[in-house]
Structure formats: C-alpha cells, structure tokens
Novice: 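Quick one: the structure is below, questions incoming.
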Number of protein chains: 2
Amino acid sequence: MQITRQTEYAIRTLLELAKVPKGEVLQVKLISDRQSIPVEFLKKTVQLLALAGLVSTRRGTQGGIMLARPAEDITIADIIKAIEGPVAINLCLEPGYVCPNQGTCPVSPVLARAQGAFLRELQRESLADLVKPGSDKASLLVDKGEEKQLG
Amino acid sequence: MQITRQTEYAIRTLLELAKVPKGEVLQVKLISDRQSIPVEFLKKTVQLLALAGLVSTRRGTQGGIMLARPAEDITIADIIKAIEGPVAINLCLEPGYVCPNQGTCPVSPVLARAQGAFLRELQRESLADLVKPGSDKASLLVDKGEEKQLG
DNA sequence: CTATAGTGGATGTAATATATCCACTTTGTC
DNA sequence: GACAAAGTGGATATATTACATCCACTATAG
C-alpha cells in the first residue's frame with residue numbers, strides 16, 4: 001500500500017528536470033548527488049522513465065536527460081505508472097483479471113472507486129504546478145489529520 | 001501500491017461475518033473453507049482483526065468469531081488499517097515522519113490529498129452496505145476505463 | 001581518439017509477504 | 001473429569017519483491 005522508493009526517486013528526478021530551462025539537460029550523476037539517490041539505481045529508473053516517454057536522453061559528453069514533454073503535461077500519476085505499471089490497488093483491479101466471483105463480489109467496485117479518486121486527485125496537478133513556488137503546502141496537515149481521524 | 005493478500009482475506013472474512021445474523025459466530029475454519037484461505041494464515045489475520053477491535057472471538061467448542069461492532073460501523077478503510085497499520089501512500093506521510101525537506105518538498109501535499117481522497121471514498125460505504133444486494137456493481141467498469149485513459 | 005554519459009545484463013542482499021507447524025489455553029459437552 | 005473443538009501464540013520456512021551494485025558496452029562531443 002505504498003509507492004516504491006524507486007517511484008519516489010523518479011518523482012524527485014522529474015521535479016529536478018522540471019526546474020531546468022526547457023531544452024537543457026541534467027546528468028543522471030548530478031541528480032543522484034543532489035537527491036542522494038544511488039547512481040546505478042537511478043540509471044535504471046531513468047530507463048523506465050525514458051521507456052514510458054517521460055524523459056528523453058542524450059548520450060556522450062555533454063549528454064544527460066530532459067523532460068520528453070512539457071512539464072504541464074506530466075503528473076505524478078504518470079510517473080507512478082511509468083515505474084510501477086498500471087495502478088491496481090488490488091489484484092482484482094488489474095487489467096485483464098477475471099474475478100472468479102464474477103459480479104457477485106461487492107468489494108471491487110468500492111476499491112475501483114477509491115482508486116479512481118486517488119488517481120483523479122494526482123492528475124489535478126502537473127509538474128509545472130509543483131515546481132512553481134507558493135502552492136498549497138498547508139493542505140498537508142489537513143489531510144494528515146483526516147488520516148488520523150481514521151484510527 | 002497494492003493492498004496485501006492478507007488484507008483481502010480480512011475483507012472477505014468480515015463480509016462473511018456481516019452476512020450472518022447478529023450475535024452468531026462463524027468458525028475460522030469454515031470461513032477459510034468458503035473463501036479458500038489457508039486456515040493457519042487466516043488465524044493470524046483474525047488475531048489482527050481482533051486486536052483492532054473489529055471482531056470478537058469465542059474459544060472452545062461452539063466458539064468462533066463475530067463482528068465486534070455493527071456492520072454499519074465498519075468500512076474497508078478500517079480493515080486495511082487493522083491489517084496494515086495506518087495508511088501512508090509514501091514514507092513521508094507516515095505518522096511521526098519528519099521530512100528532511102521540511103516544507104520545501106511539493107510532493108507530499110499532493111500525495112496526502114490523493115490519499116485523503118482514497119480513504120474518504122473507502123469510508124463512504126460500510127460492510128452493511130456491501131452485503132445488501134443490488135448495489136453499484138456497474139461502476140467497476142467505469143472506473144477501470146478511467147484507469148486505462150491514464151496510460 | 002579519448003573522456004564522458006547513457007544502455008543493458010547479471011548478480012547480490014534485504015525486506016516483506018505468504019504460509020506452515022506445533023504446542024498451548026479455553027470452553028462446551030458427554 | 002475427560003475429551004474434543006476452537007482460538008492463541010511463537011517459531012520457522014519459502015517466495016516474491018524491492019533495493020542495490022558491478023561491469024562490459026555504445027554513442028558522442030571535442
């Protein structure tokens with residue numbers, strides 16, 4: 001019930017890229033230093049991001065990586081999906097899965113709605129929104145409180 | 001980014017309990033048969049549910065387990081929490097965690113909101129709602145479609 | 001041609017999820 | 001009171017996944 005550390009690395013990486021003027025590249029090594037991410041591991045992560053079409057890469061001296069599309073068009077949902085594959089909060093929501101309880105199971109609809117709400121929320125803000133200062137940091141506390149209310 | 005199988009076992013177990021007349025118990029063994037859950041594993045699971053105050057247990061012959069509170073007062077969010085502990089979609093949302101990037105990190109607010117939306121959705125329906133027939137099974141397909149739209 | 005930087009495969013390690021075994025306690029019934 | 005049924009709890013095993021490292025390779029700017 002958590003995004004993986006690799007996904008978090010990916011998010012932080014893309015945020016770094018989003019902060020850089022369009023067209024410029026950043027070296028993976030540099031990002032790994034800034035964000036304290038093991039280089040070799042970050043390299044793998046970047047490959048997944050490239051495969052998903054979120055970053056493009058340039059080899060050789062002066063090489064590096066950059067966003068493959070405008071920061072306005074990338075959301076955290078995209079990043080999670082790039083690293084972890086399609087989001088499926090439970091096995092029964094995985095694409096192609098056929099539930100043995102075909103329609104009699106009342107749980108999957110609920111999980112599906114919750115997952116939908118989750119993704120919808122993540123799609124509301126782009127990387128561009130996130131890197132521009134003065135956003136809504138206060139909401140963190142609010143929502144954390146709500147989580148506490150649960151238990 | 002998935003609930004564990006154990007959590008799903010727990011959900012299915014509580015649904016079984018919710019279907020039974022109030023005050024009656026079900027044996028763990030019986031539930032494990034009906035739901036094809038390894039008995040020994042289910043026993044552990046039930047212990048967690050009991051610890052969380054979701055089921056109460058009766059030992060000895062004629063023993064078994066039952067809901068510890070009305071089915072109207074139990075949601076899937078409660079069950080997830082009982083088995084997996086407090087929901088924290090990412091490390092930085094875990095209770096007591098202090099982010100090294102204290103307030104400069106734009107990600108946690110977004111994740112927190114998404115997680116909030118997720119939990120809120122799960123809290124909208126109780127076990128009682130789920131076991132009564134004729135609910136909203138159609139929404140499954142709708143929300144799955146939306147997930148596809150993402151990729 | 002050489003240093004730089006991404007590519008890709010193999011491998012290792014740790015953590016977690018899943019499951020099993022078994023000895024023990026409680027309790028209803030004969 | 002003995003016995004069987006049923007939950008309790010600890011130890012252990014296995015599988016899967018997450019996380020990480022190593023290294024040989026390829027492309028490219030200067």
Side-chain angles (χ1 to χ4, degrees), chain A residues 1-13 16-17 24-68 80 82-85 88-91 94, chain B residues 1-13 16-17 24-68 80 82-85 88-91 94:
Chain A
M1 204 55 210
Q2 270 205 353
I3 63 176
T4 66
R5 197 172 305 185
Q6 187 172 31
T7 299
E8 204 196 321
Y9 292 163
I11 294 173
R12 301 219 298 257
T13 297
E16 288 288 343
L17 293 178
E24 282 184 29
V25 299
L26 285 184
Q27 288 103 34
V28 169
K29 179 70 175 67
L30 187 151
I31 298 173
S32 103
D33 283 346
R34 277 200 201 154
Q35 295 288 341
S36 309
I37 304 170
V39 207
E40 293 294 327
F41 194 50
L42 183 52
K43 283 193 206 169
K44 307 292 182 192
T45 307
V46 164
Q47 287 181 43
L48 291 176
L49 294 174
L51 201 67
L54 295 186
V55 308
S56 53
T57 63
R58 188 149 61 210
R59 285 183 165 194
T61 317
Q62 312 290 40
I65 65 181
M66 55 188 283
L67 295 184
I80 293 178
I83 302 296
E84 309 187 9
I89 232 65
N90 192 31
L91 197 77
E94 256 161 29
Chain B
M1 204 56 209
Q2 270 204 354
I3 64 176
T4 65
R5 196 172 306 186
Q6 188 172 31
T7 299
E8 204 196 321
Y9 292 163
I11 295 172
R12 300 219 298 258
T13 296
E16 287 287 342
L17 293 179
E24 282 186 28
V25 299
L26 285 184
Q27 288 103 35
V28 170
K29 179 70 175 65
L30 187 151
I31 298 173
S32 102
D33 283 345
R34 276 200 201 155
Q35 296 287 340
S36 309
I37 304 170
V39 207
E40 292 295 327
F41 194 50
L42 183 53
K43 283 193 205 169
K44 307 292 184 193
T45 308
V46 164
Q47 285 181 44
L48 291 176
L49 293 175
L51 201 67
L54 296 186
V55 308
S56 53
T57 62
R58 188 148 62 209
R59 287 184 164 194
T61 317
Q62 312 290 39
I65 65 181
M66 56 189 282
L67 295 183
I80 294 178
I83 302 295
E84 309 187 9
I89 231 65
N90 192 31
L91 198 78
E94 257 163 28

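Numbered from 1 within each chain, the chains take letters A, B, ... in sequence-line order.
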Novice: Is it true that A:E8 and A:R12 make a salt bridge, defined as a side-chain N closer than 4.0 Å to a carboxylate O?
Specialist: yes

Novice: Below the 4.0 Å mark, does D:dT28 have OP1 or OP2 next to a side-chain nitrogen or oxygen of A:Q62?
Specialist: no

Novice: With a 3.5 Å cut-off and just heavy-atom distances, do the side chain of A:E40 and the base of D:dC22 make a donor-acceptor pair?
Specialist: yes

Novice: Closest approach of B:E84 and B:I3, non-hydrogen atoms and distance?
Specialist: OE2-CA, 3.4 Å

Novice: In this structure, how many angstroms lie between the C1' atom of D:dT8 and the CG atom of B:L48, rounded?
Specialist: 12 Å

Novice: Please state whether the base of C:dG9 and the side chain of A:K44 form at least one donor-acceptor pair under 3.5 Å?
Specialist: yes

Novice: Atom CD of B:Q47 and atom P of D:dA11: how far apart are they, to the nearest Å?
Specialist: 14 Å

Novice: Counting side-chain heavy atoms from CB outward, which of D:dT8, D:dC23, D:dA18 is closest to B:K43?
Specialist: D:dT8

Novice: Looking at D:dT26, does its base get a donor-acceptor pair with the side chain of A:R59 below 3.5 Å?
Specialist: yes

Novice: For the side chain of B:Y9, starting at C-beta, report the closest nucleotide among C:dA5, D:dC19, C:dA19.
Specialist: C:dA19

Novice: How many Å lie between CZ on A:F41 and P on D:dT17, as a whole number?
Specialist: 15 Å

Novice: Does D:dT8 have OP1 or OP2 under 4.0 Å away from a side-chain N or O of B:T57?
Specialist: yes

Novice: Does C:dA17 have OP1 or OP2 under 4.0 Å away from a side-chain N or O of B:Q6?
Specialist: no

Novice: Please check: side-chain N/O of B:Q2 versus main-chain N/O of A:A88, any donor-acceptor pairing under 3.5 Å?
Specialist: yes

Novice: Give a yes or no on whether the backbone of A:T13 and the side-chain of A:Q35 come within a donor-acceptor separation of less than 3.5 Å.
Specialist: no

Novice: For B:Q2 and C:dT16, give me the distance from atom CD to atom C1', rounded to whole Å.
Specialist: 14 Å

Novice: Would you kindly give the CD1-to-P distance between A:I37 and D:dA18, to the nearest whole Å?
Specialist: 17 Å

Novice: Between A:T61 and A:I3, which is nearer to the 5' end of DNA chain D once each is assigned its nearest nucleotide?
Specialist: A:I3

Novice: Between P on D:dA18 and CE on A:M1, what's the gap in Å once rounded to a whole number?
Specialist: 14 Å

Novice: Indicate whether OP1 or OP2 belonging to C:dG6 is found under 4.0 Å from a side-chain N or O atom of A:Q27.
Specialist: no

